[in-house]
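The next block holds one structure in the form of structure tokens; read it before the comments.
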Protein chains: 2
Amino acid sequence: MASIHALNHRSSTLPAPPPAPANGRASLLPGFQGLAGAGLIVHAERDAEIVAQGDRAEHCYIVISGWLRTVTLMEDGRRQVGLFLTAGDLFGWDVIGEYDMSAEAVTDVVLRRVPMRCIDNLAERDPDFARRLRRMGAEQLRAARERMVLLGRMTALERIAHFLLETASRARAAGGDPVDLPMSRADIADHLGLTVETVCRGLSQLRRMGAIALDRHGFRILDRSALRAVRDNEVH
Amino acid sequence: MASIHALNHRSSTLPAPPPAPANGRASLLPGFQGLAGAGLIVHAERDAEIVAQGDRAEHCYIVISGWLRTVTLMEDGRRQVGLFLTAGDLFGWDVIGEYDMSAEAVTDVVLRRVPMRCIDNLAERDPDFARRLRRMGAEQLRAARERMVLLGRMTALERIAHFLLETASRARAAGGDPVDLPMSRADIADHLGLTVETVCRGLSQLRRMGAIALDRHGFRILDRSALRAVRDNEVH
DNA sequence: CGTACTCTTGACTCTAATCAAAGTTGGTGG
DNA sequence: CCACCAACTTTGATTAGAGTCAAGAGTACG
């Protein structure tokens, strides 16, 4: 655990529009042009907590660069990582009341912090924006249901293959392209409902199968159909 | 598996307002007064499929009586039950495009079927309704995240205790009150990411501990604090 | 460089799944 | 109305997959 609340406030007007957003499946989705220029740019360094579980949800965040994770903690320390977010992704816009999870920086990260009121106001004034908000909510829920199947019904190796394919697809990586994997094995484990050791063993197994090339901070897909077969349980 | 699509269309105007809605945590939430009188009343009998995974989402449903389950199927037959819905609960209002799960009748069930356009129209015209929609979406997502922790990180017995406490609370049952459990053990298992046998064993164990009284279609909580202790892992 | 951390692999354990067999129950038809 | 049957539930025995504990290898950072 590193420095907590290393948030440095910066300029107020936007320096650049968010880079072409990963569409993948999470909080993301293009939108939010209506908010261009709103909010402050904030920085957070690796492992800093950006919002805490239980905080009143008064802001939402747009990731400009770097990676975030959302984390839910149980009393006894068991941890569930909900989502990994990166450039173009949105966080917190869908919460009302208090955050039910915290958001932490996986890498140093730059965010635009937008007051929730802006969202609410814009949603009242602009029916098109409100519609987009609903669409994003529907997408979030779809993704959440998919994760329930993963967590409730998939084996360790299936979950790992699924995670790699999804991560590659969010990075828009073609086969063989290197894909960034900035989060620790522990983060991946807590995201997939597994232990660190099981994640390692699964990754090694996929490497030995020739499905992926692997190093600590990234991977490449060598045999996408093999990886898909593992994810879809067409192989043991 | 029983009769498929046993939907009988009936009168068009509402016979009675939905009974005091269970608040629990799912699709529910009081709202939807703005839709009073809209839509058709439809009936479905036990195990009938009300909507299928992949159908275009053109309606949403308000449960008037009986119980539904939402079901996601994997290619190879593994099944995940998302939610159980009962009187006052809502289904499908948050989906855009195609349903990503099916809805099936757990018991014979009476529903009001409301065209999705009504929701959309009302949301455009009535900012208060739109706000309520957003609040319901936020609540759905909160519940979904809670289920991810359950599926990813809780033991079998913790999941079962959690399910019983939640079901009792949705039924607004005081301690010792009988609580309906109309779904099969297999449904419960697929809801909790377990097998039928593990669910049975867990329920029996809680009965032997004196935490609950149990029969096939219901239970009573005899020792709520014991049940909470199991859910919260203060006991093995 | 050295040290602390993360990652990987191995050995063993344990929880929950699987396989198997009774016991119940509710519905149906005689 | 009763008996039978199919489906569901429960319990037992065994297995398997993932967790735990432990140790070594690789890295990153000061």
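Below, chains carry the letters A, B, ... as their sequence lines are ordered, and counting in each starts from 1.
dA16(C) atom P lies 13 Å from atom CG of Leu151(B), rounded to whole Å. Protein atom CD of Gln205(A) is 14 Å distant from nucleotide atom P of dT8(C), rounded to whole Å. Between Asp76(B) atom CG and dA17(C) atom P there is a gap of 15 Å when expressed in whole angstrom units. Summarising the geometry, the separation between CZ on Arg46(B) and P on dT25(C) is reported as 16 Å, rounded to the nearest angstrom. Between the P atom of dA16(C) and the CG atom of Leu150(B) lies a distance of 12 Å, rounded to the nearest Å. The interatomic distance linking Ile188(B) (CD1) with dC8(D) (P) rounds to 13 Å, in whole Å. Rounded to an integer number of Å, the gap from Phe219(A) CZ to dC7(C) C1' is 17 Å. Following rounding to the nearest Å, Ile160(A) (CD1) and dC7(C) (C1') show an atom-to-atom distance of 14 Å.
Note on Asp47(B) versus Arg69(B): salt bridge recorded, some NZ/NE/NH1/NH2 to OD/OE distance being below 4.0 Å. The existence of a salt bridge linking Arg145(B) and Asp100(A) is confirmed by a sub-4.0 Å separation between a basic side-chain nitrogen and an acidic carboxylate oxygen. We find that Glu158(A) and Arg78(B) are joined by a salt bridge, their nearest charged nitrogen and carboxylate oxygen being less than 4.0 Å apart. In this structure, Arg170(A) pairs ionically with Asp89(A), as a charged nitrogen and a carboxylate oxygen lie closer than 4.0 Å.
Aromatic ring pairs are classed by plane angle as parallel below 30°, tilted from 30° to 60° and perpendicular above 60°; the pair Tyr99(A) and Phe91(A) is parallel.
Listed pair His217(A) / dA28(D) meets the phosphate criterion, a side-chain N or O lying under 4.0 Å from OP1 or OP2.
End-to-end axis angle for the helix from dC1(C)-dG30(D) to dG30(C)-dC1(D), using five pairs per end and rounding to 10°, comes out at 40°.
His191(B) places a side-chain N or O within 3.5 Å of a backbone atom of Val81(B) that can act as its donor or acceptor partner.
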Point to revise | Per-nucleotide protein contact string for nucleotides 10-22 of chain D (B base, S sugar-phosphate only, - none; heavy atom under 4.0 Å) | key: BBBB----SSBB-
